[in-house]
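Lettering of chains follows the sequences in order, A, B, ..., and the numbering in each one begins at 1. Just so we're clear, the structure is a prediction, and the values are computed from it rather than from any experiment.
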Amino acid sequence: MISELTRGERRLALAVLTAVATFGLALAIAGRGDILAVHGGLIMASAVILMFFVIAGFYAPEPGEERLAQYYDTPTKAGVVLAMIWGVIGMGVGDWVAWLLVYPDMTFDAAWASFGRLRPVHTSGVIFGFGGNALIATSFHVLQRTSRARLPDQFSPWFVLVGYNLFCLIAASGYLLGITQSKEYAEPEWYADLWLVVVWVVYFSIYLRTLMRRQEPHIYVANWYYMAFILVVAILHIVNNLAVPISFGSAKSYSAFSGVQDAMTQWWYGHNAVAFFLTAGFLGMMYYYLPKRAGRPVFSYRMSILGFWGITFMYMWAGSHHLHYTALPQWVQTLGMTFSIMLIVPSWMAAANALLTLNGAWHKVRDDATLRFMMLAAVFYGLSTFEGSFMSIRAVNSLSHYTDWTVGHVHAGALGWVALITFGSIYAVVPWVWKRPAMYSNKLVEVHFWLSLAGTLVYVFAMWNSGIIQGLMWRTYNEGGTLAYSFIDSLVAMRPYYIARAIGGLLFAIGAVVGLYNVWMTIREASAERADEPDAPVVPALARSLQAGE
Amino acid sequence: MFGIHQKLERNAIGFVVAIIVVSSIGGFMEIAPLFTIDETVEEAPDMRVYTPLELAGRNIYIREGCYACHSQMIRTLRDEVERYGPYSLAVESKYDHPMLWGSKRTGPDLARIGGKYSDAWHVAHLINPRDVVPESIMPAYRWLAETPLKVNDLSDHLAAQRVVGVPYTDEMIANATADAYGQAMPDGPFAAGVTARYGEATNVRAFDGKPERVSEMDALVAYLQVLGRLTDAAHQQTASTEGAKP
């Protein structure tokens with residue numbers, strides 16, 4: 001990797017790493033009486049380890065000018081592998097906490113192993129670790145192809161990727177140590193938030209600098225979505241994380257807003273993290289890899305325009321549907337509900353655009369599990385956006401809110417849409433950037449597909465059942481006019497569904513392990529071939545791909 | 001319209017500006033008025049701030065992720081009011097930085113848990129929930145009773161709270177650590193200061209049953225016992241609406 005950097009970039013890398021290490025040291029010293037010191041040490045250690053790599057490769061020959069004629073894909077490769085590793089970790093922890101709801105004593109009497117600390121490791125692990133790395137990796141890949149321009153330099157993509165993963169590491173380790181802001185999906189504390197802003201500014205600058213040098217006159221629709229993802233996540237992140245640390249030597253901070261204003265800001269953030277992190281970026285993936293894999297042009301240019309601006313405008317109003325019947329003023333609740341219902345239009349426009357693109361290529365959907373991943377993702381996107389609009393209706397929400405139905409809805413989107421489009425895109429991009437004719441094993445892609453589908457269905461059906469039963473039990477009155485069930489009655493009724501959910505999650509997580517293995521073996525094949533090209537055995541990947549289709 | 005877009009999508013900066021403008025409208029329209037419209041948060045002159053011990057307990061509640069399974073927001077629905085108590089008012093979380101309304105009830109709502117159970121019940125429940133509620137699936141928090149509470153930085157906590165708008169006085173900030181000791185050690189020298197600063201109704205007890213020291217258990221139970229009891233506004237509101245009915 002270092003050999004791909006110019007001498008100047010290696011010097012820049014060393015300077016940046018020195019600055020980061022110094023920052024870590026400063027945090028460690030300032031926070032010596034606090035758990036902040038652990039994170040200071042972690043930041044410093046990460047920077048120092050990376051410095052060794054840079055120094056070891058410092059005098060390697062510089063890359064030639066011919067590199068400028070090619071796309072720069074090594075950060076994409078690293079990002080894909082990191083996404084798969086985070087995916088396995090995040091989904092594994094998710095399934096573990098699902099089992100904790102069945103066997104609550106599996107916490108070894110350790111603080112870090114309790115549900116409340118592990119749950120954000122799961123949510124951040126899958127959203128930021130798995131989803132974020134996949135977004136960064138694919139965005140670099142898509143940006144270069146659709147602009148017909150190479151990334152502006154070799155250093156900044158690595159800064160974004162490595163810096164972002166440092167953020168993920170600080171976040172996940174912090175939860176285990178008990179460092180959290182308690183804001184859902186924005187749990188990392190002030191210093192991690194500031195660091196993410198730095199990383200994000202560089203990420204955006206890469207996008208802009210590459211677009212400025214594009215050979216294509218038009219900016220492709222996938223890039224609209226990636227840009228909306230980068231820009232709006234920045235706005236959301238900064239506003240929702242406004243906070244005052246108790247001192248520069250403490251990890252703890254207090255949020256700037258309180259009570260009802262804080263609740264509205266948090267769910268404006270929370271719902272648009274879904275919209276712009278978990279939807280916009282992944283729609284970018286869909287708009288590139290799905291037509292590419294299907295070999296068909298996007299069905300409708302106008303639908304992609306209307307869908308994009310509809311999503312960008314309307315989603316930002318929808319967050320207050322998380323707060324129906326609460327102390328939030330009713331006019332805000334009603335506005336949120338109204339826009340949430342209208343959102344079905346641009347959402348289905350995007351889903352329909354994807355599915356109609358497949359017209360003329362449905363035989364490929366049948367034969368190619370990678371394309372089938374993307375097709376199914378679009379179907380789940382349509383289903384879960386419909387469900388979301390439905391659940392935002394005040395009367396429906398009175399039943400569904402606070403129950404497992406919400407959890408089921410989130411996972412219909414997260415497993416069925418986000419993870420499936422990601423796996424599909426990764427299976428499309430891995431052979432592409434490693435210059436292989438196909439994945440190591442198409443059979444394993446097939447296995448992964450069916451594990452994912454089965455896991456998602458089991459999970460979602462379990463949570464529909466548990467959520468609706470729970471909601472109904474809470475509001476059931478007996479003939480005497482008193483509540484029929486105690487809270488604990490409703491909890492006992494959940495047990496079979498919690499077991500089913502944990503099994504569904506397990507199937508899905510096993511699928512991710514299969515995917516990681518398949519990606520790893522594809523990389524190994526690629527490097528084995530490069531190392532020993534003339535003597536390499538005939539790789540039967542092509543033959544396998546033919547068999548898998550039958 | 002699509003012709004304009006053809007031009008827009010050829011201009012990177014224009015596109016960036018368009019995304020920022022279009023996406024900013026919704027949040028601005030919904031959030032900004034919440035700070036300016038007076039009726040958003042009710043008046044409650046009796047509303048008090050958290051004591052340092054309760055605030056420390058609240059931070060333990062945050063640290064352990066209790067909010068992932070327990071809400072603190074009773075909705076304006078009949079069954080919720082009958083199950084948990086009067087529905088929550090905005091003023092009740094006016095000093096909550098951040099709010100802990102929650103989004104999921106794997107366990108019951110806690111907005112009005114204060115005073116519902118004894119301290120001893122809470123301690124037993126936190127040490128092993130299944131000792132008092134056999135069907136419970138809550139994790140056990142045994143270590144809280146053995147972990148001494150970190151009290152030396154409580155003044156910093158109160159000072160930061162004041163920066164974000166909670167009306168702690170200089171005296172409260174200066175005495176934060178002493179007040180934490182005082183509230184958990186009813187027979188100690190600092191107990192009188194707590195009621196002087198935070199009101200006669202403040203719970204001053206050995207929450208974990210051990211008056212000789214202040215543990216994280218003390219703090220968390222002190223917090224749980226004050227939930228829903230910082231103001232009477234919610235009870236008054238229910239009483240007055242009931243009285244208004246024909």
Side-chain angles (χ1 to χ4, degrees), chain A residues 101 104 107 109 111 114-117 119-120 178 180-184 208 211-212 217-219 227-228 231-232 235 244 246-247 250 252 254-256 258-265 268 302 305 309 312-313 316-317 320 322 325-327 329 332 335 398 402 406 474-475 483 487-488 491-492, chain B residues 2 5 9-10 12 15-16 19-20 22-27 30-31 34-35 40-41 59 62-69 71 73 75-77 79 82-83 88-90 93-101 103-105 108 133 135 137-140 142-143 153 156-157 160-161 163-165:
Chain A
L101 293 182
T107 54
D109 247 346
S114 66
F115 183 93
R117 291 200 191 185
R119 188 243 185 193
T180 171
Q181 289 191 110
S182 84
K183 296 191 148 205
E184 283 185 80
L208 218 51
L211 284 178
M212 289 304 189
H218 289 265
I219 301 171
M227 280 200 290
L231 288 167
V232 182
I235 297 172
V244 175
I246 67 162
S247 76
S250 171
K252 177 75 189 167
Y254 288 107
S255 68
S258 70
V260 61
Q261 293 93 355
D262 189 46
M264 183 60 226
T265 310
W268 166 78
R302 295 186 175 195
I305 294 176
W309 289 108
T312 306
F313 177 67
M316 296 296 259
W317 297 75
S320 52
H322 288 251
Y325 298 101
T326 67
V332 197
L335 261 182
S398 75
Y402 293 133
T406 310
W474 290 345
R475 59 161 65 170
L483 292 167
F487 187 89
I488 210 76
L491 181 72
V492 172
Chain B
F2 295 104
H5 203 274
E9 68 188 49
R10 296 166 74 114
F15 211 95
V16 165
I19 288 174
I20 293 174
V22 168
S23 65
S24 300
I25 298 169
E30 289 186 350
I31 297 174
L34 298 180
F35 290 93
T40 302
V41 181
N59 289 336
I62 289 173
R63 183 187 76 193
E64 301 305 336
C66 305
Y67 59 85
C69 293
S71 59
M73 173 49 62
R75 296 181 293 171
T76 54
L77 298 169
D79 59 289
E82 289 185 10
R83 187 181 298 279
S88 300
L89 302 181
S93 48
K94 160 166 110 161
Y95 298 139
D96 284 8
H97 294 263
M99 58 84 209
L100 294 172
W101 293 8
S103 59
K104 178 70 174 56
R105 285 182 188 151
V133 184
E135 304 89 346
I137 57 169
M138 190 172 114
R142 291 184 188 85
W143 69 88
D153 60 354
D156 288 345
H157 282 267
Q161 286 262 310
V163 174
V164 293

Turns out that what part of A:Arg475 lies under 4.5 Å from chain B's heavy atoms comes down to both

Separation between OG (A:Ser258) and NE2 (B:His97), nearest 0.5 Å, reads 4.0 Å

Answer key: most heavy-atom pairs under 4.5 Å with chain A among B:Asp96, B:Asp156, B:Ile19, B:Val164 is B:Ile19

Taken to the nearest 0.5 Å, the spacing of B:Ser24 OG from A:Phe313 CZ works out to 11.0 Å

Per-residue tally against chain A (heavy atom, under 4.5 Å) across B:Tyr95, B:Trp143, B:Phe2 peaks at B:Phe2

If one checks every heavy atom of A:Thr406 against chain B at 4.5 Å, the contacting part turns out to be neither

Under 4.5 Å to a heavy atom of chain B? For A:Val232 that would be side chain

| So do A:His322 and B:Ser103 actually touch side chain to side chain, heavy atoms under 4.5 Å? | no

Interatomic distance, CZ@B:Arg83 vs CZ@A:Phe487, rounded to 0.5 Å, equals 8.0 Å

Rounded to the nearest 0.5 Å, the OH atom of A:Tyr325 sits from the CZ atom of B:Arg75 at a distance of 8.0 Å

When rounded to the nearest 0.5 Å, the distance separating CE of A:Met264 from OG1 of B:Thr40 is 12.0 Å

Pair count under 4.5 Å, heavy atoms only, with chain A: among B:Gly27, B:Ala68, B:Gly165, highest is B:Gly27

Subject >> Under 3.5 Å: donor-acceptor pair, side chain of A:Asp262, backbone of B:Met99 >> reply: yes

- prompt: Mind checking whether A:Trp309 and B:Phe15 have parallel, tilted or perpendicular rings, split at 30° and 60°?
  reply: tilted

Note: vs chain A, highest number of non-hydrogen pairs under 4.5 angstrom among B:Met138, B:Lys94, B:Glu135, B:Glu82 is B:Glu82

Whatever's closer than 4.5 Å to a heavy atom in chain B on A:Leu335 counts as both

For A:Trp317 and B:Glu30, the nearest pair of non-hydrogen atoms, with its separation, is O-OE2, 2.8 Å

Interatomic distance, CD1@B:Ile137 vs CD1@A:Ile488, rounded to 0.5 Å, equals 8.5 Å

If one checks every heavy atom of A:Gln181 against chain B at 4.5 Å, the contacting part turns out to be backbone

Indicate yes or no for a side-chain donor-acceptor contact from B:Arg142 to the backbone of A:Asp109 under 3.5 Å, with no hydrogens or angles considered. no

Comparing A:Val260, A:Leu101, A:Ile246 against chain B, the one with the most heavy-atom pairs below 4.5 Å turns out to be A:Ile246

